[in-house]
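Structure, as structure tokens:
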Amino acid sequence: MEEKLLKGRKCGLAVVILVIAAYIAAFALMFYGFVNGYGEGDTVLSMPHAVLAIVCLILLMLLWIPLLGLKILRPQEAYVLTLFGKYYGTLKGEGFYFVNPFCSAINPASATKLNQSGDVNSASANMQITNKNEGIKFEFGGKDKRISLKIMTLSNSRQKINDCLGNPIEIGIAVMWKVVDTAKAVFNVDNYKEYLSLQCDSALRDIVRIYPYDVAEGVDTTGDGQPDEGSLRGSSELVAERIREKIQSKVSAAGLEIVEARITYLAYSPEIAAAMLQRQQASAIIDARKMIVDGAVGMVEMALERLNSGGMVTLDDERKAAMVSNLLVVLCGNKDAQPVVNSGSLY
């Protein structure tokens with residue numbers, strides 16, 4: 001289904017003026033027929049005046065029909081019109097339009113409310129059904145059939161997904177999208193908003209299962225057969241771009257464009273969060289200890305070189321080992337050292 005734009009239809013104001021003029025003329029002619037149709041002593045209208053009055057009365061009864069073809073659009077809005085079940089065309093751009101009065105606007109997603117910008121509750125709705133888990137709201141009542149062409153932000157509920165190592169994580173995304181082909185959005189899928197929401201959830205699961213939460217050894221996230229350092233936490237922009245491309249490949253048939261996708265929430269699931277925190281703390285402690293030991297060894301080497309180069313003290317191997325041990329204990333200890341002063345002989 002290809003989109004067909006209706007052009008040259010911004011004549012709504014002219015149609016309103018013509019209808020008003022036609023009403024005035026019909027009233028005037030009908031009044032003229034009734035006033036001048038009776039001669040002196042006549043109790044029945046003459047034939048010409050009776051025909052004129054009947055025609056004007058019929059016009060008064062039918063002149064409201066063209067008003068059904070008046071359509072008003074604001075910027076970044078569109079109407080998809082059908083005529084007796086057949087796709088008639090699409091109106092785009094702000095203006096006052098006039099189309100075939102028997103055309104009807106169609107928007108199957110007008111009653112669907114997602115957890116996103118651009119979906120505002122209608123005051124004419126008289127009944128609501130809400131699904132909090134999926135973030136979808138259905139409303140029944142008078143609905144506007146306009147299709148918004150603005151960029152909207154969809155924020156689905158957080159999902160619990162296992163990463164490539166099997167660790168359960170919770171992740172949420174925000175997707176910026178817009179309608180670019182109204183015909184595909186209306187006719188190719190049953191409800192383009194629900195379709196987008198489901199495809200976002202599916203694409204999110206497909207991409208997250210490729211990556212570990214944090215950098216892990218021996219994991220290939222690019223598909224080239226070589227381990228890399230990709231992770232959900234460290235490569236969030238790359239992950240978001242792959243999610244966007246995945247969603248776009250699914251929703252192109254619905255006439256939608258995915259402008260951007262961003263990760264809005266990322267954390268371990270509560271059942272393993274405490275264990276993973278201890279693991280991260282242990283890793284941080286090991287890294288800190290490694291840095292402390294490297295620095296201590298360098299300081300000990302420097303101290304021995306200074307003592308040997310200055311000729312201040314000559315130490316044998318056993319005394320050097322004792323000195324190295326004492327210095328490492330002092331430099332690597334968690335608490336301040338309590339030195340013991342030896343005032344006697346060295347040996």
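In what follows, residues are counted from 1 in the order of the sequence shown.
Leu154 CG to Leu196 CG: the interatomic distance, rounded to the nearest 0.5 Å, is 5.5 Å. Note: Ile258 CD1 to Cys200 SG = 5.5 Å, rounded to the nearest 0.5 Å. Annotation: the span from Leu256 atom CG to Ile247 atom CD1 amounts to 11.0 Å, rounded to 0.5 Å. Of the inter-residue distances, the one linking Asp163 atom CG with Leu232 atom CG reads 6.5 Å to the nearest 0.5 angstrom. Note that CG of Leu29 is 9.5 Å distant from CG of Leu60, once rounded to the nearest 0.5 Å. Here the CG-SG distance, from Leu68 to Cys103, works out to 11.0 Å after rounding to the nearest 0.5 Å.
By the neighbour-count criterion of 12 heavy atoms within 6.0 Å, atom CG of Asp190 is sparsely surrounded, having that number or fewer from other residues, nucleotides or ligands. Shown here is Glu229, whose CD atom has no more than 12 heavy atoms of other residues, nucleotides or ligands within 6.0 Å. Atom NZ of Lys250 has 12 or fewer neighbouring heavy atoms from other residues, nucleotides or ligands inside a 6.0 Å radius. Residue-environment remark: OH (Tyr23) exceeds the threshold of 12 foreign heavy atoms within 6.0 Å.
Annotation for Phe98 and Pro66: closest pair CE1-O, 3.1 Å, computed over non-hydrogen atoms. Between Ser231 and Tyr211, the shortest heavy-atom contact is N-CD2, 3.8 Å. The minimum heavy-atom distance linking Ala240 with Ala261 is given by the pair CB-O, 3.2 Å. When all heavy atoms are compared, the tightest approach of Lys92 to Val180 is NZ-O, 3.8 Å. Among all heavy-atom pairs drawn from Cys164 and Pro212, the shortest one is SG-N, 3.3 Å. Contact between Gly218 and Pro227 at its shortest, heavy atoms only, is CA-CB, 3.9 Å.
One N or O on the side chain of Asn107 and one on the backbone of Arg146 form a donor-acceptor pair closer than 3.5 Å. Side-chain atoms of Ser235 never come within 3.5 Å of backbone atoms of Leu238 as a donor-acceptor pair (strictly under, hydrogens ignored). Remark: side-chain polar atoms of Ser236 are not paired, donor with acceptor, to backbone N or O of Arg233 under 3.5 angstrom. Lys160 places no side-chain N or O within 3.5 Å of a backbone atom of Ile171 that could act as its donor or acceptor partner. Not one N or O on the side chain of Asn188 forms a donor-acceptor pair closer than 3.5 Å with the backbone of Ala254. In this structure, the side chain of Thr90 does not engage the main chain of Glu3 through any donor-acceptor pair within 3.5 Å.
A 4.5 Å side-chain heavy-atom check between Leu70 and Leu67 finds at least one atom pair inside the cut-off. Residues Trp177 and Met152 are in side-chain contact: their nearest non-hydrogen atoms beyond the backbone lie under 4.5 Å apart. Contact of the Val297 side chain with the Glu301 side chain is registered, since non-hydrogen atoms from C-beta on lie closer than 4.5 Å. Taking 4.5 Å as the limit, some side-chain heavy atom of Arg9 sits within range of a side-chain heavy atom of Leu6. Within the 4.5 Å cutoff, side-chain heavy atoms of Glu260 are placed close to those of Arg262.
A donor atom on one side chain and an acceptor atom on the other are not found under 3.5 Å apart for Gln226 and Asp220. With 3.5 Å as the limit, one finds a donor-acceptor pair spanning the side chains of Gln248 and Ser252.
Below 30°, between 30° and 60°, or above 60°: for Tyr268 and Tyr213 the angle between ring planes is between 30° and 60°, a tilted geometry.
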Can you list the steps and then say if Asp206 with Lys246 is a side chain to side chain contact (heavy atoms under 4.5 Å, CB included)? CA-CA 9 Å; Asp206 291 342; Lys246 185 71 172 180; 3.5 Å; yes

Any chance you could lay out the side chain to side chain contact (heavy atoms under 4.5 Å, CB included) test for Lys145 and Ile106, step after step, and finish with the verdict? CA-CA 6 Å; Lys145 299 299 182 180; Ile106 181 172; over 6 Å; no

Report the C-alpha distance between Arg205 and Gln159 in whole Å, list the side-chain angles of each, state the deciding distance to 0.1 Å, and finish with yes or no for side chain to side chain contact (heavy atoms under 4.5 Å, CB included). CA-CA 9 Å; Arg205 289 184 177 275; Gln159 294 191 67; 3.0 Å; yes

Go through the steps for Val16 and Phe96 under the test side chain to side chain contact (heavy atoms under 4.5 Å, CB included), then give the verdict. CA-CA 10 Å; Val16 171; Phe96 194 11; 3.9 Å; yes

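Taking the salt bridge (charged side-chain N to carboxylate O under 4.0 Å, His left out) definition, one finds that Arg242 meets it with nothing, sequence neighbours left out. Tyr87 is linked by a ring pair (Phe, Tyr, Trp, His ring centres under 6.0 Å) to Phe187, counting only residues two or more places apart in sequence or in another chain.
Two different hydrophobic clusters hold Leu18 and Val15 under the rule that ILVMFWY side chains link at heavy-atom gaps under 4.5 Å. No single ILVMFWY cluster, assembled from side-chain heavy atoms under 4.5 Å apart, contains both Val215 and Val208. By the rule that hydrophobic residues join a cluster once side-chain heavy atoms approach within less than 4.5 Å of another member, Met291 and Met302 end up as members of separate clusters.
Between Lys150 and Glu77, no side-chain nitrogen of the basic residue sits less than 4.0 Å from a carboxylate oxygen of the acidic one, so the salt-bridge criterion is not met. Taking the charged nitrogens against the carboxylate oxygens, Glu2 and Lys4 have no contact shorter than 4.0 Å, which rules out a salt bridge.
Exactly one residue among Asn191, Thr112, Asn156 makes a side-chain contact (heavy atoms from CB on, under 4.5 Å) with Ser197. That residue is Asn156. A side-chain contact (heavy atoms from CB on, under 4.5 Å) with Leu91 is found for exactly one of Ile147, Thr182, Val99, Val80, namely Val99.
Under the 6.0 Å distance and 45° angle rule, Arg158 counts as a cation-pi partner of Tyr265. By the 6.0 Å and 45° rule, Lys71 does not stack over the aromatic ring of Tyr97.
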